[in-house]
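Everything on this sheet refers to the single structure shown next.
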Protein chains: 2
Amino acid sequence: MSFDGQLPPKMRLLRAAAELLAKSAGAPVSTRQITQLAGVTAPTLYHHFGDKEGLFDAVVAAGFEEYVAGERDFAPSGQPLEDIRRMWDNHVQFGLNQPELYLVMFGNIRPESRPAIVADAEALMEEMLNKAAAAGQLNVQPREAARSILAANVGVTLMLIAEPATDRNLELSTMTRDAMIFAVSTDQAKAASPDDSGKSSVVVAAIALNAALQASHSDQLSSSELKLFLEWLHRISTSPNS
Amino acid sequence: MSFDGQLPPKMRLLRAAAELLAKSAGAPVSTRQITQLAGVTAPTLYHHFGDKEGLFDAVVAAGFEEYVAGERDFAPSGQPLEDIRRMWDNHVQFGLNQPELYLVMFGNIRPESRPAIVADAEALMEEMLNKAAAAGQLNVQPREAARSILAANVGVTLMLIAEPATDRNLELSTMTRDAMIFAVSTDQAKAASPDDSGKSSVVVAAIALNAALQASHSDQLSSSELKLFLEWLHRISTSPNS
DNA sequence: TAGCACCTATAGCAACGCTATATGAACTGC
DNA sequence: GCAGTTCATATAGCGTTGCTATAGGTGCTA
């Protein structure tokens, strides 16, 4: 269970910190826990990493390597915007797979002090967007697009992490993703899902009626009728395509 | 400088905590600082608030009152989507004006434990989106749209807070905002019939849905269900008032 | 005046991040 | 082969943290 093997203490500390972080379920991880699991004493930690934050930065750096590897681990599809989608999904999955690590990386915001990792992630996204721009598929500067997309990506991932795993709805991610990509892309690029115009007027009208009915109680239907009516309405308004 | 006035200790604690939080520049605020500034001792804090988090929750609740007040403090423009834009801008401004409070409210994400305030903010946004939906301006469920928009809104605000105040570029906010709103809105600004002047939105939406259903066959309902559905729809859409 | 909640203070615990100091081991120069 | 230097780890403990067991004061009602 402990890292008492023949690894050097520095490595043992890194692994112990990463493991405790992953299992901490959001609770803070103390240096005493880490050093005990690593089988060393406190000064060793401070000798190698300066302070607790230094150790965590090192863990984050290792985590970022993994993150970058994931972000590059697919063959370019030839459609840069499609690759952006995969980067987005990969980002979300990374966050959901290792929420504690993700929170240390992207969730530890402090005023006026930007985590270096955010800039790195933006650069990664911008690099990919440059290809889209070169293909004439971008209607804004790649840098601005990257910042905007990443901000939304982080926001969505944080929200999903905060939700109980049981009722996590990944549609929040895909919906926001496509919205952002569509917005920065030139119109003909078919950025949104194929059935863009497929959201027929039926669905739109059903959504409108649903909202209107809930706002003002109509007395044209009995309560039992209304219940069934709303159920059908919901079925129509959430129909996958027209 | 201290709150030694005639206010009750509970209030003094609240104000001291809020003040220290606002001035802390990201550094953690200790209970000893708070109790000293409030002019009370530790047990008083725990008597009134249970623990440190309870006190901070109370501060957040007060902050949320202010947030909600800001979100409601403008006359409805008659264009729901324009109001959504103002809610977005208001959210960002709230975060930039009181970054530490904002970070406690929206930045304190933990796995699988959703801050109550997020749900409240979503409800606020959804409420406004319902008006847009009733006007036929939404092509997704108001709830999903609210979650998506708020996630992006939080992500952008966190990014802006993390940036040095000098080179904060609010275009990141407006760009992301418009991207999200555009994505959830219908292209044709008015899906409902043009003659919506005299009739309630329920009737207008029912008429629109009726027409849309007849034009394109939805297979979400069986034929018998559809028959009854259309009958009810007719009853609603011919309702004299409501 | 007696009793009873309510509220606050004294004093202190365990855990925290961190460090002054010391010891052992490995390498270097002569 | 030995002193000098540097690196790496341990012992012990400092100051601060969130929090609490216990007790005392205060004002109300009976």
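Quantities reported herein were computed from a predicted structural model and do not represent experimental measurements. In what follows, chains carry the letters A, B, and so on, assigned in the order in which the sequence lines appear, proteins first and then strands, with residues in each chain numbered from 1.
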* Contact boundaries of DNA chain C with chain B (under 4.0 Å, heavy atoms), 5' to 3'? ->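 First and last nucleotides in contact are C:dC7 to C:dG12.
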
* To do: Could you tell me which residues satisfy side-chain contact (heavy atoms from CB on, under 4.5 Å) with A:Ala133, sequence neighbours excluded, listed by chain and number?
  =>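 Per chain and number, A:Ala133 pairs via side-chain contact (heavy atoms from CB on, under 4.5 Å) with A:Leu138, A:Pro142.
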
* Check for a donor-acceptor pair, side chain of A:Ser185 on one end and backbone N or O of A:Phe182 on the other, with a separation under 3.5 Å. => yes

* Asked: Just by protein heavy atoms under 4.0 Å, how would nucleotides 15-28 of chain D read 5' to 3' in B, S and -?
  -> --BBBBB-------

* Does the side chain of A:Thr35 come under 3.5 Å of the side chain of A:Thr41 through a donor N or O and an acceptor N or O? -> no

* Asked: Is it the case that B:Gln137 and B:Gln79 place a side-chain donor and acceptor less than 3.5 Å from each other?
  -> no

* Could you tell me whether the phosphate oxygens of D:dT9, OP1 or OP2, come under 4.0 Å of any side-chain nitrogen or oxygen in A:His47? => no

Quick one: which residue pairs count as a salt bridge (charged side-chain N to carboxylate O under 4.0 Å, His left out) with a foot in [range], not counting sequence neighbours?
range	answer
residues 95-118 of chain A	A:Glu112-B:Arg168, A:Arg114-A:Glu122
residues 44-55 of chain B	none
residues 154-166 of chain A	A:Glu163-B:Arg147

* Using 4.0 Å as the upper bound for N to carboxylate O, is an ion pair formed by B:Arg86 and B:Glu82? ->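 B:Arg86 and B:Glu82: not salt-bridged.
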
